Amino acid sequence: MRAQTLVGAAALGLLAAGAYVGLFASPPDAFQGEYVRIMYAHVPNAWVAYVAFAITCVASGLFLWKRTPGYDHVAHSATELGVVFTGLALVTGSIWGRPVWGTWWAWDARLVTTAVLFFIYVGALLVRGLADDPQRGARLAAVVSIIGFLDVPVIHYSVIWFRTLHQPASFTRGDIKMAPPMLAALMISLLAFSVLFVYLLALRVHLARLEAAGEGS
Amino acid sequence: MTPALWIALAYGIVGITLATYALSLRRRLRDALRARATSVRLGAPSR
């Protein structure tokens with residue numbers, strides 16, 4: 001519990017630093033102007049959602065293989081967090097798109113595949129919640145989660161495979177198309193959201209374990 | 001709307017959503033820990 005509080009405090013401090021750097025210290029973009037600051041709230045949500053669903057996929061696979069409830073607690077918790085962060089990535093992307101693209105939504109490959117990911121994992125939570133037998137619900141949710149993860153590489157490469165409104169990745173291995181102050185602001189935000197994710201996942205897994213123990217007693 | 005308002009909208013939604021979620025998780029965890037402590041005191045079987 002003490003370690004959790006320390007990680008939570010670190011997340012709070014990093015988020016405050018990220019917000020300050022993103023809102024005040026980083027420069028405006030040559031084309032987008034001040035709107036580029038929405039990037040520091042949008043990209044980290046998408047990044048954390050990818051990480052959450054990767055953890056869900058691995059934990060689901062391990063649960064189906066070993067049938068250990070601990071893996072299911074991790075998968076369930078990471079799914080819930082992934083849905084929250086994907087929802088925020090969609091909302092912030094829409095808010096960014098309205099002034100920059102002139103529309104809240106476009107039937108663009110990146111946007112549509114991300115929305116599909118969101119609904120797949122909402123489906124995984126529903127399948128789990130609606131099942132009469134919790135064990136069966138956990139197994140079905142694990143299967144949906146593993147299949148759903150196939151959408152993540154499709155999302156990532158959608159800006160390369162399709163002609164999209166969404167901009168391509170600003171930094172890939174060995175190629176950074178971003179000014180150093182902007183890159184620094186984005187890295188601080190990514191770190192802050194990653195630490196926040198670790199904190200929230202620890203809380204959620206702890207809660208899942210206690211709830212399971214309570215149901216069993 | 002001015003750029004500042006769009007930016008405030010995006011940061012506001014992210015901040016409020018994550019703060020609400022984190023506080024709700026902390027409250028649920030505290031309640032679950034309290035319930036477990038009560039059941040242990042009452043002699044309920046624990047795992």
Side-chain angles (χ1 to χ4, degrees), chain A residues 1 4-5 8 11-12 15-16 18-19 22-23 28 32-42 44-45 48 69 77 80-81 83-85 87-89 91-100 189 193 196-197 199-217, chain B:
Chain A
M1 203 67 183
Q4 276 177 6
T5 309
L12 208 59
L15 284 168
L23 289 172
Q32 297 186 28
E34 299 292 338
Y35 295 117
V36 77
R37 298 186 194 286
I38 298 174
M39 173 176 72
Y40 309 119
H42 170 70
N45 278 304
V48 169
S77 305
E80 191 178 289
L81 283 166
V83 165
V84 170
F85 283 102
L88 285 173
V91 170
T92 51
S94 187
I95 293 169
W96 194 8
R98 181 68 186 88
V100 173
S189 289
F193 273 72
L196 175 70
F197 171 72
Y199 171 65
L200 293 175
L201 185 65
L203 282 187
R204 188 65 187 83
V205 171
H206 192 175
L207 178 64
R209 216 180 310 140
L210 286 172
E211 284 175 347
E215 280 164 15
S217 63
Chain B
M1 277 201 342
T2 64
L5 281 174
W6 286 109
I7 295 163
L9 182 63
Y11 278 71
I13 288 173
V14 171
I16 290 168
T17 306
L18 292 178
T20 307
Y21 183 66
L23 290 174
S24 142
L25 274 187
R26 282 174 62 94
R27 186 181 50 77
R28 286 170 63 194
L29 189 58
R30 204 174 45 234
D31 290 348
L33 285 168
R34 203 173 290 157
R36 189 181 63 170
T38 307
S39 70
V40 168
R41 267 202 306 276
L42 293 173
S46 62
R47 290 168 23 142

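The structure presented is a predicted model; accordingly, all values stated were derived computationally and were not measured. All values below come from the heavy atoms of this structure, side chains included, with hydrogens, waters and symmetry mates left out. Residue numbers start from 1 in every chain, and the chains themselves are labelled A, B, ... in the order their sequence lines are given, proteins ahead of strands.
Contacts of F193(A) with chain B are made by side-chain atoms alone, with heavy-atom separations under 4.5 Å and no backbone atom involved. Contacts of L196(A) with chain B are made by side-chain atoms alone, with heavy-atom separations under 4.5 Å and no backbone atom involved.
The heavy-atom pair separating M1(B) from Y35(A) by the smallest distance is O-OH, 4.2 Å. The two residues L203(A) and R26(B) have their closest heavy-atom pair at CD1-CG, 3.7 Å. The two atoms that bring A32(B) and L210(A) nearest to each other are CB-CD1, 3.9 Å, heavy atoms only. Between V14(B) and L88(A) the shortest heavy-atom distance is CA-CD2, 4.0 Å.
Considering CZ of R204(A) and OH of Y21(B), their distance stands at 5.5 Å, rounded to 0.5 Å. Separating the CG atom in N45(A) from the CD1 atom in I13(B) is a distance of 11.0 Å, to the nearest 0.5 Å. Atom NE2 in H206(A) sits 5.0 Å away from atom CG in L33(B) (nearest 0.5 Å). If you take OG1 on T92(A) and CD1 on I7(B), they are separated by 13.0 Å, rounding to the nearest 0.5 Å. Taken to the nearest 0.5 Å, the CG atom of L23(A) stands 4.5 Å off from the OH atom of Y11(B). For the atom pair CD1 (I95(A)) and CG (L5(B)), the distance works out to 11.5 Å, reported to the nearest 0.5 Å.
You'll find the side chain of L29(B) reaches within 4.5 Å of the side chain of Q4(A), heavy atoms only.
A donor-acceptor pair is defined here as one N or O able to donate and one able to accept, closer than 3.5 Å; no such pair exists between the side chain of Y199(A) and the backbone of A22(B).
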